[in-house]
A.B. asks: 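Submitted below is the structure of interest, expressed as structure tokens.
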Amino acid sequence: MTEEDEPEVIRDRRKKLERLRAAAIDPYSRGFKPTHSTAAAKALLGDGERTEPVAVAGRLMVKRLMGGSAFADLQDEAGRLQLFASREILGERDFDLFADLDAGDLIGAKGPIFRTRRGEVTLEIHSFQLLTKSLRPLPEKWHGLKDVEIRYRQRYVDLIANPEVRDVFRARTKIIAGLRNLLDQAGFLEVETPVLQEVPGGGHARPFVTHHEALSRDLFLRIALELHLKRLLVGGFERVYEIGRVFRNEGLSPRHNPEFTMLECYEAYADYNDVMRLVEDMVVTATAAAGRSANTRYQGEEINLAPPFRRERMADLVLERTGRQAVGKELNDLFEEYVQPNLREPTFVTDYPIEISPLARRRDDDPRFVERFELVILGREYANAFTELTDPIDQRQRFEAQAAQRAAGDVEAHPMDEDFLRAVEYGLPPCGGLGVGIDRLVMLLTDQPSIRDVILFPVMKAES
RNA sequence: GCCGGCGUAGCUCAGCCUGGUAGAGCAGCGGUCUUUUAAACCGAGGGUCCGGGGUUCGAGUCCCCGCGCCGGCACCA
């Protein structure tokens with residue numbers, strides 16, 4: 001868009017910018033150091049009548065001009081503070097400059113905090129400085145920004161106009177920090193493993209393909225963290241975890257973004273029963289980190305997140321619901337269609353069919369099933385875990401079975417990974433492994449309906 | 001990929017069914033106003049009605065194609 005095509009409101013701002021420059025005012029200045037956040041400045045007043053001068057900085061949100069005085073709301077990361085400007089205090093020139101500021105401008109202001117007649121805690125401006133001139137109008141002050149397309153494409157505007165959105169992302173960070181702390185305290189070592197991989201394994205998904213020019217070879221973006229973390233157990237680390245982005249070349253939905261965050265952890269000498277207890281601890285920790293109680297709601301539905309969680313065998317749940325004694329993929333299909341949507345309270349669904357679990361250990365008492373569970377809450381999966389398969393002969397056979405499916409056209413069947421097999425042949429200690437979908441957990445704990453609401457910059461189609 | 005809904009001023013939305021010169025509030029601009037807070041009041045502006053095609057004397061409105069967003073399905077352990 002050329003400047004001539006721009007909306008009038010933006011053209012007006014550009015003109016204003018030129019007027020400022022002509023008046024020798026730097027519209028992109030620096031050097032202002034706030035002494036207080038808006039919240040700290042408010043707290044400083046307490047029950048008093050007036051404070052020493054403080055310096056605050058932030059974005060001007062609303063302006064209310066009243067002849068020789070003016071009020072404005074200043075928004076910083078901590079909140080909002082009302083500013084009061086008067087011609088008497090600022091003088092003719094500075095008052096006019098202040099009155100000419102726009103909603104959206106970033107400014108710094110100095111002065112004492114006082115309370116207006118109506119009781120509003122307010123900074124009386126003794127001096128101010130334009131820090132950054134804004135050229136684009138903010139969304140409407142009352143209705144805010146509702147257009148979800150703009151909210152996702154221009155998250156920066158969303159964050160300005162809808163400060164509560166920031167709370168969601170603060171909660172996201174706290175949840176992740178809480179989980180990290182839990183694992184650290186439990187003796188897990190946080191590691192980083194390759195995003196670019198020759199063989200995209202550890203999950204059941206179509207990968208993204210990319211190309212390395214110097215190596216003249218295609219590489220894949222990882223779809224899971226599993227196989228490298230298990231290699232580290234072979235290497236002698238006994239408890240490892242990674243929180244990282246994985247990529248799946250699949251459709252988008254309110255529950256699927258092509259890149260999302262997984263937490264995976266692996267613990268030597270543990271089995272899936274140990275992992276269930278760990279998952280319960282994780283849910284407790286994450287719930288607290290998000291500032292929620294165990295008794296909470298998601299999208300209007302009550303849910304109790306207090307452990308212990310139900311533990312039910314998949315085959316039992318399917319039999320109970322459908323009266324059918326299925327095995328293999330059929331069992332899983334029946335489960336997903338008839339059982340899972342109806343599992344509302346937190347439930348560990350255990351003992352999956354071996355056909356769909358190429359990396360999990362067989363049950364000793366029934367080789368048609370593996371020691372695997374998923375945590376289902378409100379019909380959705382939040383965690384997937386198993387007692388890991390450590391037998392390299394069995395592992396090779398599982399991969400070969402997957403390769404046969406791949407040859408039959410299943411692009412998502414697990415690929416053969418010879419290096420992983422080699423590692424397992426050196427000896428993978430008995431272990432339990434876990435994957436947690438962080439985004440969905442954050443959705444649950446922040447009561448957000450779409451995964452796009454917990455990802456700062458969700459994948460969107462090209463803007464036309 | 002399929003089905004449905006939506007797309008109008010910077011923002012929030014009417015107008016579309018039933019075709020007849022494009023509206024409101026907020027924001028912006030000009031003015032009045034020195035403790036307001038969705039400030040108030042007066043005035044003048046601002047539009048590729050998502051894009052393209054069609055029907056019609058006439059299309060924001062009806063039809064077709066495309067694009068984007070949302071939801072559902074498919075897919076997704």
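Note on naming: letters A, B, ... go to the chains in the order of the sequence lines (proteins, then strands), and numbering restarts at 1 for each one. Quick note: numbers below take in every heavy atom, side chains included, and nothing from hydrogens, waters or symmetry partners.
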A.B. asks: Would you tell me whether Arg248(A) and Asn257(A) have side-chain atoms, one donor and one acceptor, within less than 3.5 Å of each other?
C.D. replies: no
A.B. asks: In whole Å, what separates the P atom of G58(B) from that of C11(B)?
C.D. replies: 33 Å
A.B. asks: Got a donor-acceptor contact below 3.5 angstrom from the Arg115(A) side chain to the Gly48(A) backbone?
C.D. replies: yes
A.B. asks: C69(B) C1' sits how many Å from Glu463(A) CD, rounded?
C.D. replies: 11 Å
A.B. asks: Would you state whether a donor and an acceptor, one from the side chain of Gln82(A) and one from the base of U36(B), lie under 3.5 Å apart?
C.D. replies: yes
A.B. asks: Just checking Leu65(A): base, sugar-phosphate only, or nothing, at a heavy-atom cut-off of under 4.0 Å?
C.D. replies: base
A.B. asks: Measure from CD on Glu120(A) to P on A39(B) and round the result to the nearest Å.
C.D. replies: 12 Å
A.B. asks: Strictly below 4.0 Å, N to O, side chains only: are Arg363(A) and Asp366(A) in salt-bridge contact?
C.D. replies: no
A.B. asks: Think Arg64(A) has a side-chain N or O under 4.0 angstrom from the OP1 or OP2 of C41(B)?
C.D. replies: no
A.B. asks: When all nucleic acid strands are considered with a 4.0 Å heavy-atom cut-off, which category describes Pro358(A): base, sugar-phosphate, or nothing?
C.D. replies: base
A.B. asks: Starting at atom CG of Asp12(A), determine the distance to atom P of A44(B), rounded to an integer number of angstrom.
C.D. replies: 18 Å
A.B. asks: Under 4.0 Å, heavy atoms only, any strand: does Lys329(A) hit a base, just the sugar-phosphate, or nothing?
C.D. replies: nothing
A.B. asks: With respect to the phosphate group of C69(B), does any side-chain polar atom (N or O) of Arg153(A) fall under 4.0 Å of OP1 or OP2?
C.D. replies: yes
A.B. asks: How is Tyr152(A) classified with respect to the nucleic acid when contacts are heavy atoms under 4.0 Å: base, sugar-phosphate, or nothing?
C.D. replies: sugar-phosphate
A.B. asks: Less than 6.0 angstrom from the centroid, inside 45 degrees of the normal: does Arg440(A) satisfy that with respect to the ring of Tyr382(A)?
C.D. replies: no
A.B. asks: State whether Arg118(A) places a side-chain N or O below 4.0 Å from either non-bridging phosphate oxygen (OP1 or OP2) of U37(B).
C.D. replies: yes
A.B. asks: Taking only side-chain nitrogens and oxygens of Lys141(A), does any of them come within less than 4.0 Å of OP1 or OP2 of A27(B)?
C.D. replies: yes
A.B. asks: Select from Lys146(A) and Lys16(A) the residue whose nearest nucleotide in RNA chain B is closer to the 5' end of that strand.
C.D. replies: Lys146(A)
A.B. asks: Parallel, tilted or perpendicular for Phe98(A) and Phe128(A), by the 30°/60° rule?
C.D. replies: perpendicular
A.B. asks: Keeping the roles fixed (side chain from Glu264(A), backbone from Gly433(A)), state whether a donor-acceptor pair exists under 3.5 Å.
C.D. replies: no
A.B. asks: Which value, in whole Å, describes the distance between the P atoms of nucleotides U12(B) and A27(B)?
C.D. replies: 15 Å
A.B. asks: Look at the side chain of Ser69(A) and the base of U35(B), then say whether one donor and one acceptor between them are separated by less than 3.5 Å.
C.D. replies: no
A.B. asks: Nearest nucleotide by nearest heavy atom, which residue falls closer to the 5' end of RNA chain B, His143(A) or Arg87(A)?
C.D. replies: His143(A)
A.B. asks: For nucleotides A74(B) and G7(B), find the distance between their C1' atoms and express it as a whole number of Å.
C.D. replies: 26 Å
A.B. asks: Contact class for Glu149(A) (heavy atom, under 4.0 Å): base, sugar-phosphate, or nothing?
C.D. replies: sugar-phosphate
A.B. asks: Report which part of the nucleic acid Arg80(A) touches: base, sugar-phosphate, or nothing (heavy-atom distance under 4.0 Å, all strands).
C.D. replies: nothing
A.B. asks: With a 4.0 Å cut-off on heavy atoms, is Arg136(A) in touch with a base, just the backbone sugar-phosphate, or nothing at all?
C.D. replies: nothing
A.B. asks: Is there a donor on the side chain of Glu8(A) or the base of G10(B) sitting less than 3.5 Å from an acceptor on the other?
C.D. replies: no
